[in-house]
Participant: 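Pasting a structure here, questions to come.
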2 protein chains.
Amino acid sequence: MTLSTAQRVAGVLRDRIEGGGLPPGTRLSEEALGRDLGVSRNTLREAFRLLVHESLVVHRLNRGVFVRVVDAADVTDIYRVRTALECAGVRAAAGAGRPLREAVTAAVDEGERAAAGGDWQEVGSADLRFHRALAALSGSPRIDAAMDRLLAELRLAFHAMPSARRFHEPFLARNRAFVRLLEDGEYATAERELTTYLDDALKLILGALREREEENT
Amino acid sequence: MTLSTAQRVAGVLRDRIEGGGLPPGTRLSEEALGRDLGVSRNTLREAFRLLVHESLVVHRLNRGVFVRVVDAADVTDIYRVRTALECAGVRAAAGAGRPLREAVTAAVDEGERAAAGGDWQEVGSADLRFHRALAALSGSPRIDAAMDRLLAELRLAFHAMPSARRFHEPFLARNRAFVRLLEDGEYATAERELTTYLDDALKLILGALREREEENT
DNA sequence: TATTGAGAATTGTTGAACAATATCTTAGCC
DNA sequence: GGCTAAGATATTGTTCAACAATTCTCAATA
């Protein structure tokens, strides 16, 4: 057993949350969950702390933990940080090692292959890998970890997106064009394009969030 | 009782660590510390969790918690992330609100005042506030939080710096010049200067770390 | 010297008890 | 009827001691 009980429990909860089994806003009762998963309240609370650190749940004093609700302000902020980290990656691209640069191209390739096969779920995953690879060009473990946390948060918001295809399809060509800019060493242009790219994506998500908001009124 | 026992214990440990009473690498025995502080192991473990979240200690499964050792690779990485975040702040400076911009200037003012009074400890604090204010120009809560964690980590490495004055004095003028660039709207120049600024600071710290390393051989 | 295995030391997990806080219920009032 | 306030109930927060699981120590052995 190389994983502690708390880590295993956190993994189970993470899967349930990301799989939609525990929708945003759900309260996680210590007693009920502990009985369900067969662990003590103490261990469960330890698992909660791990998930709090991943921003998947929030902890309100004397009220318990709730599945994180990612609102428009959160998404906007996440995109601010993404822009900072991914732009830093682009600026480090020239000095980055070959494996790091190839990871970027590979993710774009995989996205196109998935699109050809009609697997839009996988197109989404490849897109996240693409952006993570972009930030990873910095060669910084802390940036990698921060990026993972950000994308995990973002996945919570993606539950609101009606169609993976409508959201991802327009970006396939932009990803390809962007990679070409990197390969040609057009870093300044690439950075500008990336900024507007992320801004466009943000607007799409905010639009979807607003629509869902109006539905629930 | 507005502070839990665990929080008090964490405070005691934090003081001991930052005061040098518990040098980096020290293992914090649950039983010995618990007896020493008069709390149960469980409470002590809760305190440990708080400190882990602050990056002051690390937790290794089945081995216990150790006072964090910040090595050259860590410092290098921290400066990579700082560069990304502070540069993002500079690029957002034009659109940032007045209070955010004034906070940058205020920190530089306070640094100069402290230097005039010979309080080099306070010069160091003001310098940290200056860089935090720089990153805060982005107006992003997540960037603010990340910056706080980074600077807390960095404080651990500063224990290796022999003289606060020798380290901070040369940067007083650079801080002032940098603020002037911001006020004049010379953002591109400011960003370039900031990059070399952080690079120079990194080299100084790495040099001090190397010297301390050689002493301990 | 390197290895191995039993025992010691240490951390991981649990369940319980009690305290503090929040939520729900209900009785009384306007 | 609707509203407020007091009390009852449920939930989380904190601490403890005991037991399980893991790692470490160190002598015995090849």
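Every chain is numbered from 1, with letters handed out A, B, ... down the list of sequences.
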Participant: Closer than 4.0 Å, any side-chain N/O of A:Thr5 to the OP1 or OP2 of C:dT13?
Facilitator: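 Yes, A:Thr5 has a side-chain N/O under 4.0 Å of OP1/OP2 on C:dT13.
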
Participant: To the nearest Å, give me how far apart CG (A:Leu33) and P (D:dT11) are.
Facilitator: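 Distance check: A:Leu33 CG to D:dT11 P gives 13 Å.
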
Participant: Would you say the side chain of B:Asn42 and the base of C:dT14 hold a donor-acceptor pair, judged only by whether the two atoms sit under 3.5 Å apart?
Facilitator: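 A donor-acceptor contact between them is present.
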
Participant: Please figure out whether B:Glu30 or A:Leu44 has its closest DNA chain C nucleotide nearer the 5' end.
Facilitator: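 On the 5' side of the pair lies B:Glu30.
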
Participant: How bent is the helix from C:dT1-D:dA30 to C:dC30-D:dG1, comparing axes over its five end pairs at each side, to the nearest 10°?
Facilitator: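 Comparing the axis at each end, I get an angle of 30°.
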
Participant: A side-chain contact here means heavy atoms from C-beta on lying under 4.5 Å apart; do A:Arg142 and B:Leu150 qualify?
Facilitator: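 Yes. Closest side-chain heavy atoms under 4.5 Å.
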
Participant: Taking the side chain as everything from C-beta on, heavy atoms only, tell me whether B:Ser29 gets closer than 4.5 Å to B:Leu33.
Facilitator: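 Answer no - side chains too far apart.
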
Participant: Which heavy atom of B:Ala93 sits nearest a heavy atom of B:Leu137, and at what distance?
Facilitator: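 B:Ala93 and B:Leu137 have their closest heavy atoms at CB-CD1, 3.9 Å.
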
Participant: Centroid separation under 6.0 Å, is that true for the rings of B:Tyr197 and B:Phe171?
Facilitator: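 Yes, they do, as the ring centres are separated by less than 6.0 Å.
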
Participant: What is the distance from CZ of A:Arg45 to C1' of C:dG15, rounded to the nearest Å?
Facilitator: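 To the nearest whole Å, that distance equals 14 Å.
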
Participant: Rounded to whole Å, please give me the gap between CD in A:Gln7 and P in D:dA21.
Facilitator: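 Distance check: A:Gln7 CD to D:dA21 P gives 18 Å.
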
Participant: Would A:Arg82 pass as a cation-pi partner of A:Tyr79, given that its NZ or CZ must be under 6.0 Å from the six-membered ring centre and within 45 degrees of the axis?
Facilitator: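 That pair qualifies as a cation-pi contact.
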
Participant: For A:Arg41 and C:dA16, is the shortest distance between a side-chain N/O and OP1 or OP2 below 4.0 Å?
Facilitator: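 A:Arg41 to C:dA16 OP1/OP2: no side-chain N or O under 4.0 Å.
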
Participant: Could you give the CZ-to-P distance, from B:Arg60 to C:dT10, as a whole number of Å?
Facilitator: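 B:Arg60 atom CZ is separated from C:dT10 atom P by 17 Å.
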
Participant: Between B:His59 and C:dT11, is there a side-chain N or O to OP1/OP2 distance below 4.0 Å?
Facilitator: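 Checking C:dT11 against B:His59, no side-chain N or O comes under 4.0 Å of OP1 or OP2.
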
Participant: Can you measure A:Leu61 atom CG to D:dT12 atom P for me and round it to whole angstrom units?
Facilitator: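 Answer to the nearest Å: 12 Å.
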
Participant: What integer distance in Å separates B:Glu46:CD from D:dG13:C1'?
Facilitator: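 Nearest whole value for this atom pair: 9 Å.
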
Participant: Could you state the atom-to-atom distance from CG of A:Leu37 to C1' of C:dT13 in whole Å?
Facilitator: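 Taking CG of A:Leu37 and C1' of C:dT13, I get 15 Å after rounding.
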
Participant: Pick the closest DNA chain C nucleotide for A:Ser40 and for A:Asn62 by heavy atoms, then say which residue is nearer the 5' end.
Facilitator: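 First, find each residue's nearest nucleotide; the 5'-ward one identifies A:Ser40.
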
Participant: Tell me: CD of A:Glu31 to C1' of D:dG13, nearest whole Å?
Facilitator: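 Result: 15 Å.
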
Participant: Donor-acceptor pair under 3.5 Å: do we get one between B:Arg63's side chain and the base of C:dG12?
Facilitator: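 Answer is no: no donor-acceptor pair is held.
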
Participant: Apply salt bridge (Lys or Arg N to Asp or Glu O under 4.0 Å) to the pair A:Arg149 and A:Glu54, showing each step before the final yes or no.
Facilitator: CA-CA 6 Å; A:Arg149 277 200 307 276; A:Glu54 295 175 35; over 6 Å; no

Participant: Is B:Arg80 reaching over with its side chain to a backbone N or O of A:Gly139, donor-acceptor style, under 3.5 angstrom?
Facilitator: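 Checking the backbone N and O of A:Gly139 against the side chain of B:Arg80, a donor-acceptor pair under 3.5 Å is found.
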
